[in-house]
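Reading through the structure tokens given below for one structure.
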Amino acid sequence: MNAIVAQGSHHLPKEVKIVEVGPRDGLQAEKTQVPTQTKIELIDRLSKAGFRNVEATSFVSPKWVPQMADAASVMSSIHRVDATIYSVLTPNMRGLEGAIEGLAQEAVIFGAASEAFSQRNINCSIEESVERFLPVARAAKAAGLRLRGSISCCFGCPYQGETPIAAVLDMIHRFADLGCDEIDLADTIGVATAGHVSSVVEAASKHFPIDRLSGHFHDTYGQALSNILAALQSGVSIFHSSVAGLGGCPYAKGATGNVATEDVIYLLHGLGVKTGVDLAQVIDAGDFISRAIGRDNGSKVGRATLARLENSACSI
Ligand code: HMG
Ligand code: MG
């Protein structure tokens with residue numbers, strides 16, 4: 001079946017890098033503190049499953065994001081796989097110091113294409129955020145870390161509505177000037193649709209190399225997989241996703257997390273696109289973390305596969 005689909009998909013990238021963001025973006029909104037050991041086990045399972053990039057935690061203010069307060073403990077206890085890059089969020093110099101001490105290979109600075117979101121998320125304007133990122137970027141490079149810039153609200157903002165493409169391009173220029181190796185186009189609230197994604201990616205690729213642009217889609221409106229396909233067809237080959245679709249706020253009705261990694265891998269492998277990741281192991285990791293935090297598994301592929309396995313075990 002793959003071969004048939006692949007024939008019509010010759011324009012798609014042959015390989016995709018999936019950045020597994022579940023341990024950070026997925027868990028950060030959990031209201032109940034997830035035990036550090038559970039986070040470590042999750043990251044270890046993901047490393048074993050073959051991800052070459054895991055976003056492990058954030059060195060941010062624990063007053064703002066209490067769930068990530070154990071960042072240093074997480075980074076000191078995970079079992080690292082040599083080929084895997086462990087990324088951490090670093091909003092300021094204090095965060096970068098944590099990243100260096102924690103032996104992260106990639107520092108992530110995160111800004112927004114929307115003024116209102118910048119204020120709510122990192123408590124400063126876009127202009128101020130870039131001033132704050134400058135020493136972080138320099139120090140990250142000096143320490144030999146990779147640098148990634150994440151742009152929130154590239155499509156829509158919960159406070160300002162639809163984001164003008166010009167605002168996204170402005171942030172791309174700012175992050176490129178800071179020396180970012182990779183830039184994320186994030187649909188923070190999951191409102192984008194496929195045509196909008198193609199337009200933003202095509203515009204963005206005129207200003208930054210497409211092979212270093214990534215798609216970070218949340219699935220709030222159920223559009224994430226079609227948005228990924230649109231981005232893929234426009235040449236994007238790096239995508240972020242969260243095992244078991246972790247994320248979202250349990251108290252905000254309708255809010256969901258990142259697109260589920262299992263579903264993305266199923267789509268990509270079905271298209272004959274390589275990821276280097278073992279789907280069965282990701283499904284196990286998704287089952288593990290969903291049970292550990294008492295949440296329904298947010299991956300359709302995960303749920304269907306686990307149900308099939310359970311049924312076949314019953315019939316033996
Ligand atoms: P602030 O309150 O303006 O800064 O926060 P501050 O310098 O006044 O610091 C406040 C307190 O935090 C102080 O403690 C600092 O020491 C401490 P106090 O003196 O009051 O006891 N502090 C820190 N502690 C540990 N590590 C640090 C650190 N920095 C300060 N690095 C700040 C500004 C940026 C720090 C704050 O707003 C913050 O931490 N924000 C993080 C918000 C966050 O993590 N959001 C989620 C990640 S972004 C995201 O999810 C989007 C993404 O997925 C893409 C997408 O989907 O859009 C990436
Ligand atoms: Mg996100």
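Remember, it's 1-based here, ligands and their atoms both numbered in the order they're listed. Note that this is a predicted model, so its numbers are computed, not measured.
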Margin query: With clusters defined by side-chain heavy atoms of hydrophobic residues (ILVMFWY) lying less than 4.5 Å apart, directly or transitively, does I238 cluster with I183?
Written below: no
Next item on the list: Mind jotting down which protein residues get a heavy-atom contact under 4.0 Å with ligand 1? Chain and number order, please.
Entry: R24, D25, Q28, F59, V60, S61, P62, K63, W64, V65, L89, P91, N92, R94, G95, F110, N121, I122, N123, R132, S150, S152, A186, T188, H216, H218
Distance-only check: which donor-acceptor pairs under 3.5 Å involve side-chain atoms of residues 149-160, not counting sequence neighbours?
from	atom 1	to	atom 2	distance (Å)
S150	OG	D184	OD2	2.9
Q160	OE1	E115	N	3.4
Q160	OE1	A116	N	2.9

Notebook entry, point to check: Can you name the salt bridge (Lys or Arg N to Asp or Glu O under 4.0 Å) partners of R174, sequence neighbours left out?
Noted result: E127, D170
Is the closest basic N to carboxylate O distance between [X] and [Y] below 4.0 Å?
{"X": "E55", "Y": "R148", "result": "yes"}
{"X": "K141", "Y": "D181", "result": "yes"}
{"X": "E41", "Y": "R45", "result": "yes"}
{"X": "E182", "Y": "K17", "result": "yes"}

Next item on the list: Give the intermediate values and the outcome of side chain to side chain contact (heavy atoms under 4.5 Å, CB included) for residues V243 and E262.
Entry: CA-CA 7 Å; V243 64; E262 298 88 321; 3.7 Å; yes
Notebook entry, point to check: What are the protein N, O or S atoms, given as residue plus atom name, that sit under 2.8 Å from the Mg ion (ligand 2)?
Noted result: D25 OD2, H216 NE2, H218 NE2
Checklist line | Smallest separation among heavy atoms of P91 and F59, with atom names | finding: CD-O, 3.2 Å
